[in-house]
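Because the structure is predicted, anything quoted here is derived from the model rather than measured. Throughout, residue positions are numbered sequentially from 1 according to the sequence presented.
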Amino acid sequence: RSDKRRSSSHSSNSRKKLLQEREDSLTKAATRGTSNISAESKAAEDRAVQRAIDLRRSREDHRSKEVIEADEKKRESLLVVTCSPNGAISTSNALARYFAEAFEEAFPEQSVTVLDLADADLVPPMDDSAMHPTALVPPMDDTASKPASEGVALVKQFAAHSKFLFAMPMWNLTVPSSLKQYFDLLLHPAHSHLRDKSRGWNTADCPVTMLATCGNSQLGGEQDFLTPYVNDIFQKLGFRDIRDPVLVNGSYAERDLPKLLDNAYRMARLQAVNFEFDVSFEMYGTTAPRKKYAVAPEGERLTLGPKLLVVKAAQTSEDTACPDAVASQFSERHLSEAQVDTWVDQAPSVDTIDVSSLGLTHFSRCNTESQFLLWTEVLCFEESSEDDLPAMGSEWVQVERVVEPFMRADCYLFVVPVAHLFVPFRLKQYLDHVLQPVLTYNPRKKITLFTRKTVCVCTTSEGPLNYSGADMLTAYLRAVFAGVGFVDIRTAHVDTSVSGTAGVKAAVDKLSPPFSTLA
């Protein structure tokens with residue numbers, strides 16, 4: 001046992017050294033300018049910089065006095081939005097820093113603002129008070145709530161910029177919950193005073209791009225729910241000049257990381273030095289082929305276990321009527337079948353969780369470090385006892401608090417209203433905390449406790465769910481649950497604009513057919 005602890009201590013020191021080396025290499029690469037670019041590429045980029053300067057001067061020569069005065073009111077500036085919980089060892093953050101440096105080199109007269117959404121509580125919680133249509137409308141007095149005041153500040157910051165870069169890691173197949181919440185804030189109905197009524201946000205002549213990274217190779221694949229979603233959001237925000245994203249797959253592979261970074265830095269730099277509105281990029285997002293998401297096939301139909309966990313994900317009280325009706329009917333049916341022989345002597349039970357009341361924060365750097373320590377400790381020393389496990393960070397308590405009731409359940413019902421094309425950010429927070437390697441499944445051996453459990457998903461919306469021809473919400477939930485081992489994944493949808501009580505009953509019947517119909 002003492003030998004095992006010495007080995008564990010040595011391994012812990014090695015991990016810390018590895019993390020420090022990765023942080024140093026990313027920092028060095030992000031601050032060393034163009035020294036990592038070949039002479040040929042550097043010459044090509046220098047020519048691109050000069051072309052951008054010449055084009056800008058040509059446009060300035062042909063602009064009218066009125067246009068120049070209008071432009072001066074809104075100074076050219078770049079807003080860099082980052083959201084990685086990995087902090088200094090984040091590949092997406094390193095790419096964002098490099099992009100900003102290249103941009104400042106090409107446009108020294110323009111300012112750069114960095115907004116890191118990974119900072120705790122930076123984006124206010126979108127509860128009932130903050131989501132009310134009048135909550136964020138100026139003027140704000142001294143009685144205004146803190147979330148409303150902070151929301152106005154973030155929205156004004158967005159409106160004051162003319163160029164935008166969003167850098168993000170793929171987190172459970174899509175964007176981190178902090179970025180989802182930021183998009184929800186920008187699409188808040190109260191912001192009409194900051195928009196042009198005919199175009200939405202005043203972003204029609206603003207370029208926007210994204211830098212996205214993934215530890216494996218899912219970006220651009222059938223389970224990429226990041227790039228199409230962000231592209232749809234860009235369009236809803238009114239952008240027309242949407243540049244091709246810079247995607248980096250395989251960032252977990254330390255051996256291949258330098259090569260991946262060199263290529264990504266080159267693409268990021270070429271975009272940065274030409275980052276001005278260009279009509280040739282207009283509406284790129286809508287002309288690109290629409291993603292056809294791979295839907296996990298219907299799995300083996302299992303008998304629902306006795307312990308049901310209902311997870312409700314409505315963001316405001318106005319969204320709760322239909323989800324509450326679905327949860328109530330499903331729970332009543334579950335409890336009424338206590339006599340089912342397959343449950344033997346186990347009494348049925350229903351536990352309900354409202355994710356908006358859990359008080360969860362976005363997955364933080366502290367949590368990612370704890371996750372990494374637990375993951376490597378268990379996978380490398382699988383026979384270790386609990387006494388041998390490393391000390392977890394203080395924020396890891398949130399993870400353990402939600403994982404325990406989730407693992408105790410035999411079956412699940414998720415009732416999910418669509419929120420700006422996708423999952424509510426509160427549900428994304430919950431999934432990021434619950435679906436943990438080692439705690440809920442073994443990523444190396446593909447061992448999972450969910451194989452013999454059933455998860456039912458009922459989505460609700462006021463109108464069609466298939467925005468731009470694809471139902472991203474249902475496809476995402478099926479993919480993320482299949483990824484952690486669920487086989488019996490059942491889905492249903494209720495369109496509240498065309499169906500009332502009958503629609504709710506039809507959804508419940510689809511998810512959990514009465515046993516009389518199965519006999």
Worksheet item: Looking at Leu413, Val487, Asp488, Leu511, which hits side chain to side chain contact (heavy atoms under 4.5 Å, CB included) with Thr454?
Response: Asp488

Worksheet item: Going by an N to O cut-off under 4.0 Å, is there a salt bridge joining Glu101 and Arg269?
Response: no

Item to complete: Identify whether the distance between the nearest side-chain nitrogen and carboxylate oxygen of Lys236 and Asp232 falls below 4.0 Å.
Response: no

Fill in: CA sep, side-chain torsions, deciding dist, call: Leu435, Val480, side-chain contact (heavy atoms from CB on, under 4.5 Å)
CA-CA 9 Å; Leu435 304 179; Val480 78; 3.9 Å; yes

Would you mind reporting whether [Y] and [X] have side-chain heavy atoms less than 4.5 Å apart?
X	Y	answer
Tyr430	Ser177	no
Leu477	Val416	yes
Glu276	Gln110	yes
Val455	Arg490	no
Val418	Thr460	no
Leu165	Leu211	yes
Leu78	Val80	yes

Check whether any side-chain N or O of [X] sits under 3.5 Å from a backbone N or O of [Y] as a donor-acceptor pair, and report yes or no.
X	Y	answer
Ser90	Asn93	yes
Arg478	Ile489	yes
Lys510	Thr491	yes
Ser357	Asp354	yes
Ser356	Ala313	no
Arg240	Ala204	yes
Asp241	Asp278	yes
Lys163	Glu76	no
Asn249	Leu219	yes
Thr174	Phe225	yes

To the nearest 0.5 angstrom, please state how far the [atom1] atom of [X] sits from the [atom2] atom of [Y].
X	Y	atom1	atom2	value
Met168	Tyr182	CE	OH	11.5 Å
Leu95	Ser84	CG	OG	11.0 Å
Leu79	Ser162	CG	OG	10.0 Å
Gln181	Leu154	CD	CG	9.5 Å
Glu104	Ser111	CD	OG	9.0 Å
Phe158	Leu237	CZ	CG	5.0 Å

So which heavy atom on [X] is nearest to which on [Y], and how close?
X	Y	result
Cys458	Val494	SG-CG2, 4.0 Å
Thr203	Gly238	OG1-C, 3.1 Å
Pro176	Pro169	CD-O, 3.4 Å
Arg401	Leu358	NH2-O, 3.3 Å
His433	Val402	CB-CG2, 3.8 Å
Met170	Asp224	CE-OD1, 3.7 Å

Between [X] and [Y], does the ring centre distance come in under 6.0 Å?
X	Y	value
Phe239	Phe164	yes
Phe234	Tyr229	no
Phe486	Tyr412	yes
Phe103	Phe107	yes

Worksheet item: Which residue, Phe414, Tyr476, Phe450, forms the ring pair (Phe, Tyr, Trp, His ring centres under 6.0 Å) with Phe481?
Response: Phe414

Are [X] and [Y] close enough that a side-chain donor and a side-chain acceptor fall under 3.5 Å?
X	Y	answer
Lys180	Gln429	no
Ser461	His493	yes
Thr209	Gln271	yes

Discussion item. For Asp432 and Lys428: C-alpha separation, side-chain torsions, deciding distance, then whether salt bridge (charged side-chain N to carboxylate O under 4.0 Å, His left out) applies.
Written reply: CA-CA 6 Å; Asp432 288 348; Lys428 185 61 172 61; 2.8 Å; yes

Item to complete: Test side-chain contact (heavy atoms from CB on, under 4.5 Å) on Val355 and Val311 and set out the steps.
Response: CA-CA 7 Å; Val355 295; Val311 180; 3.6 Å; yes

Item to complete: Would you sort out whether Thr227 and Leu247 count as a side-chain contact (heavy atoms from CB on, under 4.5 Å), showing the intermediate values?
Response: CA-CA 9 Å; Thr227 51; Leu247 306 180; 3.5 Å; yes

Worksheet item: For Gln157, does the CD atom sit with more than 12 other heavy atoms under 6.0 Å from it, leaving out its own atoms?
Response: yes

Worksheet item: What's the verdict on side-chain contact (heavy atoms from CB on, under 4.5 Å) for Gln218 and Leu173, showing C-alpha distance, side-chain angles and the deciding distance?
Response: CA-CA 8 Å; Gln218 291 168 317; Leu173 304 186; 3.3 Å; yes

Discussion item. Angle between ring planes, Phe183 versus Phe166, binned at 30° and 60°: parallel, tilted or perpendicular?
Written reply: tilted

